[in-house]
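Before any comments, here is the structure.
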Amino acid sequence: MRIATWNVNSLRVRLGHVLDWLAAAQPDALALQETKLPDEDFPAAAFREAGYEVAFAGQKTYNGVALVSRTPLTEILTGLPGYPDAQRRVLAGTLGDVRVFNLYVPNGESTSSEKYQYKLAWLAALRAALAEELTRHPRLIALGDFNITPDDRDVHEPELWAGKGLCSEPEREALRRLLALGLDDAFRLFEQPEGSFSWWDYRAAAFRRGMGLRIDLILSSGALSARCRSCSIDKRPRALERPSDHAPVVAEFDIG
DNA sequence: ATGGTGGCGCGGCCA
């Protein structure tokens, strides 16, 4: 199974890029974040014509997540159980015997922001939800825009980012607590080039200058990590005209 | 250079 995640920063603007990428990369499933579309505007027909089923949980202007997959998802869940939230950030479903969680973790802004407290509370609720799901689904993948750099290898200039939002110790600790449930950062199961990032600010020519962060992650439960054959970032779409500020991340698992 | 760019949607928020 080939599965990918991509924060597209408006599916309306990026639909062409996404369809082109699906045709080229041929994933079995793709998790999208920041679709920024109400459900009535979701371009389901375009995906079906490309041979993909769709599930989505969107809203106007902000947030919004979707899963496109070769076979339809079952047991679809939106949101985190016990954590009422108007922001559409979670969409889970089952493919075969694999439970898939598509996540758009709150950005958190700066560490002094109210949004940062929301982010940490949200991550605690996510941890509880994943812990419960893992009791029933030993094969689980949680992927998406985590808005957290796991460690300083994932930061272009760690001294500049030290302690700041996306790189602060409480956020990294929250991520480690997710991993402690029995999940692996699939990217780090393999040797990777230095300076591997998945997001580059639109400003200051950050992509051209290689100034990015790795905040888009694919976490796999141990049962799947043992079958993970590769995990990589596809930077090519970030170099297109009018790109998303994120690149897709892809993992391949020997299952099925 | 305490800025810069982009999406949404038309002023200001969010990333």
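Bear in mind the structure is a predicted one, so any value in this text is a computation, not a measurement. Each chain gets a letter, A, B and so on, in the order the sequences are listed, and its residues count up from 1. What you see below is based on every heavy atom in this structure, not just the backbone, and it leaves out hydrogens, waters and symmetry mates.
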Decide, yes or no, whether a salt bridge links A:D254 with A:R229 under the criterion of side-chain N to carboxylate O below 4.0 Å.
-> yes
Rounded P spacing from B:dG9 to B:dG4 in Å | 24 Å
With A:D97 via salt bridge (charged side-chain N to carboxylate O under 4.0 Å, His left out) - residues at least two apart | A:R139
Protein proximity profile, nucleotides 5-15 of chain B - base contact B, sugar-phosphate-only contact S, no contact -, cut-off 4.0 Å on heavy atoms = BSSSS---BSS
Face-on cation placement of A:R88 at A:Y104 ring, 6.0 Å and 45° thresholds = no
For A:F47, which residues count as a ring pair (Phe, Tyr, Trp, His ring centres under 6.0 Å) partner, sequence neighbours excluded?
-> A:F42
Test: A:D154 and A:R188 ion pair at under 4.0 Å | yes
Nearest-angstrom distance, P atom, B:dC13 to B:dG3 = 16 Å
